[in-house]
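So the structure is just underneath, and the comments pick up after that.
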Number of protein chains: 2
Amino acid sequence: MAISERKKKILIAVVEEYIRTAEPVGSKHIAEHAKLGCSSATIRNELAELVNLGYLEQPHTSAGRVPTPMGYRLYVNDMMERQRLGMEENEELNRRLSQRLQKLDDSIGEVSRLASQLTDYPALAMTRQAPVTVRRFDIIYVDANTFILVVLLSNNAVKNKLVRLPISVDASMVQKLSTLFNASFTGIPEEQMTPVLIHSTERAADDTMGLSAVIAAFAIEVLSESAIPTAVISGENRLLSQPEFRDPDKAHELMSYLSGGGHILPAPDNLAPNDVKVLIGPENVAEELKNSSVIVASYDAGDGTKGLIGVVGPTRMDYSAVAAKLSALAAGLSRRLGGGEAPPEGMHNKLIIKGDEPDGR
Amino acid sequence: MAISERKKKILIAVVEEYIRTAEPVGSKHIAEHAKLGCSSATIRNELAELVNLGYLEQPHTSAGRVPTPMGYRLYVNDMMERQRLGMEENEELNRRLSQRLQKLDDSIGEVSRLASQLTDYPALAMTRQAPVTVRRFDIIYVDANTFILVVLLSNNAVKNKLVRLPISVDASMVQKLSTLFNASFTGIPEEQMTPVLIHSTERAADDTMGLSAVIAAFAIEVLSESAIPTAVISGENRLLSQPEFRDPDKAHELMSYLSGGGHILPAPDNLAPNDVKVLIGPENVAEELKNSSVIVASYDAGDGTKGLIGVVGPTRMDYSAVAAKLSALAAGLSRRLGGGEAPPEGMHNKLIIKGDEPDGR
DNA sequence: TGTTGGCACTCTTGCTCTTCGAGTGCTAAT
DNA sequence: ATTAGCACTCGAAGAGCAAGAGTGCCAACA
């Protein structure tokens, strides 16, 4: 159903004013500020119709109007100015982004923090790995009781583990095992690392001390860790600056749901890279999010790995600004992490450096 | 100044009841519940004196009494029942602890989360590394354009990085560099990895492609990363369930201070391992914490690395229970991470609560 | 001297009642 | 179709009031 041009303008005025002030918007205000050439009475009539159509509602009879989720949806779909970040702003963003990605660990956490800082809402970042395999095993012999396992994964991540043994092993055994594992454990998914396979490797190497089991266990652990998507949320406290969360119970409910992890973000794959998706109020599946909105952008980290950056806020959220920022952020990430083609702007990183992971224990 | 036995009992009653209910405690209640053989009038007299002495205060003339920071301090120093965790509870704790420490990465984050879950307050964990050095370099040659840098640090952590080069290198060069770095870059602190040293290595290896610089940069990066203490906070949202943070502004203030990082915890070293320290209200240095209390336990992660686990809450905090839990957690961590000698599982170390000068200002 | 019952006093909390103002819906005039 | 005008509604804010909890103090008592 098409609605008149004037209704659109009025709806826009209500949504944007409400986003700005969090107060119900009255007809008088619109008449004065949105420059349509008509009086508040006319606008009152229009507003009444918009309420009938379901785009607006009033908290009580003698208050101004507030957008419904349906109203926001119409606004987002058809009317929203698709903001673009200014040049300086974009550069600033990219500067901060590359600064953070240099950190050794936890780049996903850094991304999440950055998104939250930029938008001033709680933000959430996750990556979902395409199924990975081990591309290569290395075993560094440190001393008779100690060696370091290093595996290079198909997504170019490197994982390692320091292994200490109660008994001593000689270097040749380690060498032999390394060769065997590279022969039969590379390129296969976790499920195929069966006890049978492990056992046969053990025999082939004359390994009486269960080293094969240790190595295989590590491989399996690494692969299964990579399979579960990791999500990091940050900036939860920013919720509290929103007037709709002045009620500590509401705030607490949502915040503990958020800290619970990343069931928040929608299906990971059905988003084209650099696409931005908006979920308004009841459009969210989770009960806890029915009064909130979520904006998600996806990026492509190369090697089939997809990532999402999302932001959570009240339905009265600055969709336009947040969408623009997330979109720019996702684009920046895709550019930096994504497939081989070198980033156009990156004169400074001659070497393309890809992740690592510490271990410690 | 010594105060009478009865005053002590009354103070204890007030503190514990207030901790439980967050409501000012009246004389009648004490007369009925704390079984001293005297009437509410007597208690009123005693309460008035305790107010004069500065241990209690009343929000307004006709309300019950509430402990002052000084009152809490006296309670914590002299009167608190040193709680000990029950056997089952302790086992449960250790079970959950070892479960979490198995995770590949981010064990400090897991510790922080566990502490927060156990105590139901926001928790913070950090480690401060003793100065580390590289114990060993390994360079895994993957292909002509790619190799993996692996360094083993003096604290047994292993760090790695995948390096891709725009040009090709042969394996022998990599081998040579590896030997050279092991000869001159191991066992030295970051400051001694000077451009001069790097340059001389470069010449010694006939390295015209700046590989030495890449490797040295990685070593420096790793060492400097290890030097900065990392702190992870979690469970901030639990603040919101405390009545004293029903005011969203107060909650927001503290929460954003907390997410800001770990300036919260006090001097890291002057705590003996497994010691517990309590900072009450104004005893905290940070302005934002003057109305809150902090309980910290330290543990020894071996190799000179110290760690802290802390919990933040309102001054009306269950000092006894939280101190017991943190102490048990710290003991568990020391046992698992710490140097060779493992304290026997069952016997827990003596719980020492270290007082602070009640001066505050 | 320390303890206790009693009583007047104080101050918060929760309630109702009122006022005020913003914003509406409707009607009649343009 | 628009507009001015007006009566009406409803929430927010404040005043006033009663109830209740808890105190401080005094006089009596062991």
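Lettering follows sequence order; numbering is per chain, from 1. Values below: every heavy atom of this structure, side chains too, minus hydrogens, waters and symmetry copies.
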- Classify the side chain of B:S62 versus the base of C:dT10 as yes if they form a donor-acceptor pair under 3.5 Å and no if they do not. yes
- Item | Base C:dG5 to side chain B:R44, donor-acceptor N/O within 3.5 Å cut-off |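 No, the side chain and the base share no sub-3.5 Å donor-acceptor pair.
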Between [N] atom [atom2] and [X] atom [atom1], what is the distance in whole Å?
| X | N | atom1 | atom2 | answer |
| --- | --- | --- | --- | --- |
| B:L47 | D:dG22 | CG | P | 12 Å |
| B:I43 | D:dC25 | CD1 | P | 18 Å |
| A:E46 | C:dC26 | CD | P | 15 Å |
| A:E57 | D:dC10 | CD | P | 17 Å |
| A:N52 | C:dT24 | CG | P | 14 Å |
| B:L50 | D:dG24 | CG | P | 12 Å |
| B:N45 | D:dT23 | CG | C1' | 11 Å |
| A:E49 | D:dT2 | CD | C1' | 13 Å |

Is the closest side-chain donor-acceptor distance between [X] and [Y] under 3.5 Å?
| X | Y | value |
| --- | --- | --- |
| B:N237 | A:S256 | no |
| B:E287 | B:Y257 | no |
| A:Q83 | A:S320 | yes |

- Give a yes or no answer on whether the side chain of B:T119 reaches the backbone of B:A115 with a donor-acceptor pair at less than 3.5 Å. yes
- Query: Looking only at side-chain N and O atoms, does A:Q58 come under 4.0 Å of OP1 or OP2 in C:dG25?
  - Reply: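 Checking C:dG25 against A:Q58, a side-chain N or O does come within under 4.0 Å of OP1 or OP2.
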- Message: Can you tell me if A:T61 touches the phosphate of D:dG11, counting only side-chain N or O atoms and a distance under 4.0 Å to OP1 or OP2?
- Response: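 For D:dG11, neither OP1 nor OP2 has a side-chain N or O of A:T61 closer than 4.0 Å.
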Decide, yes or no, whether a salt bridge links [X] with [Y] under the criterion of side-chain N to carboxylate O below 4.0 Å.
| X | Y | answer |
| --- | --- | --- |
| B:R6 | B:E46 | yes |
| A:R65 | A:E57 | no |
| B:E253 | B:K250 | no |

- Item | A:A41 vs B:A41, nearer the 5' end of DNA chain C by closest nucleotide | B:A41
- Message: If you assign each of B:P59 and B:C38 to its closest nucleotide in DNA chain C, which residue comes earlier from the 5' end?
- Response: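 With B:P59 and B:C38 compared, the 5'-side residue is B:C38.
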- Do any of residues 5-29 of chain A sit with a heavy atom less than 4.0 Å from DNA chain C, and if so which?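 Contacting residues: A:G26, A:S27.
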- Message: Using the side-chain heavy atoms of B:R65, tell me which of these nucleotides is nearest: D:dT23, C:dT3, D:dA4.
- Response: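 Within the option list, the nearest is D:dT23.
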- Which listed nucleotide (D:dC10, C:dG25, D:dG24) is nearest to the side chain of A:H60? D:dC10
